[in-house]
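Quick notes on the structure that follows.
Since this is a predicted model, take the numbers as computed values, not measurements.
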Amino acid sequence: MNEELAIVQTVDFFTPVVDDPFTFGQIAAANSLSDVYAMGGKPLTAMNIVCFPVQEMDISVLREVLRGGIEKMREAGVVLVGGHSVDDREIKYGLAVTGTIHPQKVITKEGSRPGNKLVLTKPLGTGIISTAVKADMASPQAAEAIIKSMSTLNRRASEVMLEVGVDACTDITGFGLLGHACEMVENTPVGFLIYADRVPFFPDVLMLAESGLVPGGLYRNRDFRRPQVHISAGVGQYLGEALFDPQTSGGLLISVAAEKSEMLLQKLHQAGVSEAAEIGEVIRQPEGEIRVDFYRSA
């Protein structure tokens with residue numbers, strides 16, 4: 001391997017979360033590219049991965065999906081180098097992405113240190129609002145907000161964290177904020193303290209959660225990570241559960257040294273990542289676990 005270059009490769013694809021095929025293509029591509037951005041990498045090439053019911057759905061639908069994906073690839077400066085397709089009963093779309101990064105600058109999930117601050121770059125709630133959209137119970141404002149967010153690349157957030165220098169990062173997708181946070185502390189000598197009242201949510205998320213409009217994946221995430229996550233009774237059921245909401249093309253969760261956290265947030269906001277927020281900190285105990293509580297100033 002070249003001393004100045006490491007190759008990073010990711011594969012990701014999923015089923016539609018919106019009805020419009022062009023928008024779905026954009027979101028799927030943004031979601032697929034996110035894994036490379038979370039490592040601090042620069043995506044260079046991509047291959048389409050498509051499952052499509054050729055006997056049941058008009059080919060124009062697939063054309064729009066691919067057009068949406070290509071638009072996001074162009075925005076990311078990524079070259080499409082081919083793809084694979086399968087005749088399947090359910091449409092699925094995503095990308096196999098190849099990118100590069102300096103070997104000494106790879107950002108992994110591990111590496112958080114006690115005292116670090118935790119920064120989240122996008123609000124939560126895409127799973128809950130998508131469920132409400134399917135039930136025709138989401139407000140136009142909420143639906144518009146998640147579509148804009150899901151189709152937004154994590155490119156600028158990744159570039160800023162590389163510029164500032166951070167200790168660990170992951171992107172928030174299907175396992176939800178707390179599920180992916182658990183991955184960052186699992187088998188490490190640190191834990192996370194998440195301030196529930198500092199976590200940004202899209203409009204109406206908690207109201208919809210209280211109404212029971214939540215995806216099944218939320219409960220699977222919660223039940224799987226239950227032994228590792230300790231939520232204060234004061235946080236409340238619906239807020240606590242919403243932190244497990246499975247995200248599509250969510251933001252980055254970044255662990256950064258305390259002395260750099262203010263600069264990171266300032267640069268993220270200046271770069272257009274306007275809803276980035278500090279949501280917690282890295283703690284020594286309990287090791288490998290997550291605590292969720294409200295923020296209390298010193």
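For Asp197 (side chain) and Tyr295 (main-chain N/O), a donor-acceptor pair under 3.5 Å exists by modelled atom type. With hydrogens and angles ignored, the 3.5 Å screen pairs no side-chain donor or acceptor of Thr23 with any backbone N or O of Asp19. Counting only distance, with no hydrogens or angles, the side chain of Thr188 and the backbone of Val185 share a donor-acceptor pair below 3.5 Å. With hydrogens and angles disregarded, a donor-acceptor distance shorter than 3.5 Å links the side chain of Gln228 to the backbone of Gly288. Although no hydrogens or angles enter the test, the distance criterion places a donor-acceptor pair under 3.5 Å between the side chain of Thr121 and the main chain of Leu252. The backbone N or O of Lys109 lies less than 3.5 Å from no partner atom in the side chain of Thr170, so there is not a single donor-acceptor pair. A donor-acceptor pair under 3.5 Å is formed between the side chain of Ser158 and the backbone N or O of Tyr37.
To the nearest 0.5 angstrom, Ile27 atom CD1 is 6.0 Å from Ile147 atom CD1. In this structure, Ser139 OG and Ile129 CD1 are separated by 7.0 Å, a value rounded to the nearest 0.5 Å. Between the OG atom of Ser34 and the CE atom of Met39 there is a distance of 9.5 Å, given to the nearest 0.5 Å. If you take OG on Ser232 and CD1 on Ile194, they are separated by 14.0 Å, rounding to the nearest 0.5 Å. For the atom pair Phe202 CZ and Thr126 OG1, the distance stands at 6.5 Å (nearest 0.5 Å). Here the CG-CD1 distance, from Leu239 to Ile231, works out to 8.5 Å after rounding to the nearest 0.5 Å.
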| request: Could you go through the side-chain contact (heavy atoms from CB on, under 4.5 Å) check for Glu241 and Leu218 one step at a time? | output: CA-CA 7 Å; Glu241 289 183 346; Leu218 183 153; 3.9 Å; yes
| Derivation of the side-chain contact (heavy atoms from CB on, under 4.5 Å) call for Val214 and Asp245 | CA-CA 8 Å; Val214 297; Asp245 184 45; 5.9 Å; no
| Under the side-chain contact (heavy atoms from CB on, under 4.5 Å) criterion, do Phe244 and Val229 qualify, and how do the steps go? | CA-CA 10 Å; Phe244 286 106; Val229 176; 4.1 Å; yes
| query | Please walk me through it: do Glu159 and Arg156 pass salt bridge (charged side-chain N to carboxylate O under 4.0 Å, His left out)? | reply | CA-CA 5 Å; Glu159 292 170 346; Arg156 292 298 294 127; 2.3 Å; yes
| field | Ile279/Leu253 under side-chain contact (heavy atoms from CB on, under 4.5 Å): CA gap, chis, key distance, verdict | value | CA-CA 9 Å; Ile279 65 163; Leu253 177 60; 3.9 Å; yes
| said: Before you tell me yes or no, could you show the steps for Asp171 and Thr173 under side chain to side chain donor-acceptor pair (under 3.5 Å), namely the whole-Å CA-CA distance, both residues' side-chain angles and the distance that decides it to 0.1 Å? | reply: CA-CA 6 Å; Asp171 60 330; Thr173 53; 4.8 Å; no
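Nearest heavy-atom pair, Thr152 versus Ala30, reported as atom, atom and distance to 0.1 Å: O-CB, 4.4 Å. For the pair Glu183 and Glu110, the tightest heavy-atom approach, listed with the atom from each and the gap, is O-OE2, 4.3 Å. Here the closest non-hydrogen pair linking Lys267 and Val160 is CB-CG1, 3.7 Å. The two residues Met47 and Gly83 make their nearest non-hydrogen contact at CE-N, 3.9 Å. Contact record, Lys122 with Gly250: CD-C, 3.7 Å, taken as the closest heavy-atom pair. For Pro123 against Gln247, the heavy-atom pair with the smallest separation is O-OE1, 4.1 Å.
Salt bridge annotation for Arg198-Glu281: absent, with no cationic side-chain nitrogen under 4.0 angstrom from a carboxylate oxygen. At a threshold of 4.0 Å, the pair Lys72-Glu75 counts as salt-bridged, since one of the basic side-chain nitrogens sits closer than that to a carboxylate oxygen.
Hydrophobic clustering (ILVMFWY, side-chain heavy atoms < 4.5 Å, transitive): Leu124 and Met207 are in one cluster. The cluster map of Ile, Leu, Val, Met, Phe, Trp and Tyr, joined by side-chain heavy atoms under 4.5 Å apart, puts Val133 and Phe22 in different clusters. At a threshold of 4.5 Å between side-chain heavy atoms, the hydrophobic network of Ile, Leu, Val, Met, Phe, Trp and Tyr places Val164 and Val282 in two separate groups. A chain of hydrophobic side-chain contacts below 4.5 Å, direct or via other Ile, Leu, Val, Met, Phe, Trp or Tyr residues, connects Leu264 to Leu162. Criterion: ILVMFWY side-chain heavy atoms under 4.5 Å apart, direct or through other members. Under it, Val50 and Ile91 are part of a common hydrophobic cluster.
When side chains are defined from C-beta on, Leu118 does not count as touching Tyr195, because their heavy atoms never get closer than 4.5 Å. Under the 4.5 Å side-chain criterion, counting only non-hydrogen atoms from C-beta, Met73 is in contact with Asn48. With contacts defined as side-chain heavy-atom distances shorter than 4.5 Å, the pair Leu66/Tyr93 qualifies. You'll find the side chain of Tyr238 stays beyond 4.5 Å of the side chain of Leu208, heavy atoms only. Counting heavy atoms from C-beta outward, Leu33 and Leu153 have side chains that approach closer than 4.5 Å. You'll find the side chain of Cys51 stays beyond 4.5 Å of the side chain of Glu90, heavy atoms only. Between Glu278 and Leu265 the shortest side-chain heavy-atom distance falls below 4.5 Å. Residues Gln266 and Gln270 meet the side-chain proximity criterion, which asks for heavy atoms closer than 4.5 Å.
Taking a 6.0 Å sphere around CD of Glu262, one finds it holds 12 or fewer heavy atoms contributed by other residues, nucleotides or ligands. Around atom CD of Glu259, more than 12 heavy atoms belonging to other residues, nucleotides or ligands sit under 6.0 Å away. Around CZ of Phe294, the count of heavy atoms belonging to other residues, nucleotides or ligands within 6.0 Å exceeds 12. Few gaps surround CZ on Arg226; more than 12 heavy atoms of other groups in view lie less than 6.0 Å from it. At most 12 non-hydrogen atoms from other residues, nucleotides or ligands lie less than 6.0 angstrom from CE of Met137. Within a 6.0 Å sphere centred on CD of Glu287, heavy atoms belonging to other residues, nucleotides or ligands number more than 12.
Partner Val36 forms a side-chain contact (heavy atoms from CB on, under 4.5 Å) with one of Leu95, Asn154, Val97 and no other, that one being Val97.
Classification of the His180-Phe175 ring pair by plane angle, with boundaries at 30° and 60°, yields tilted.
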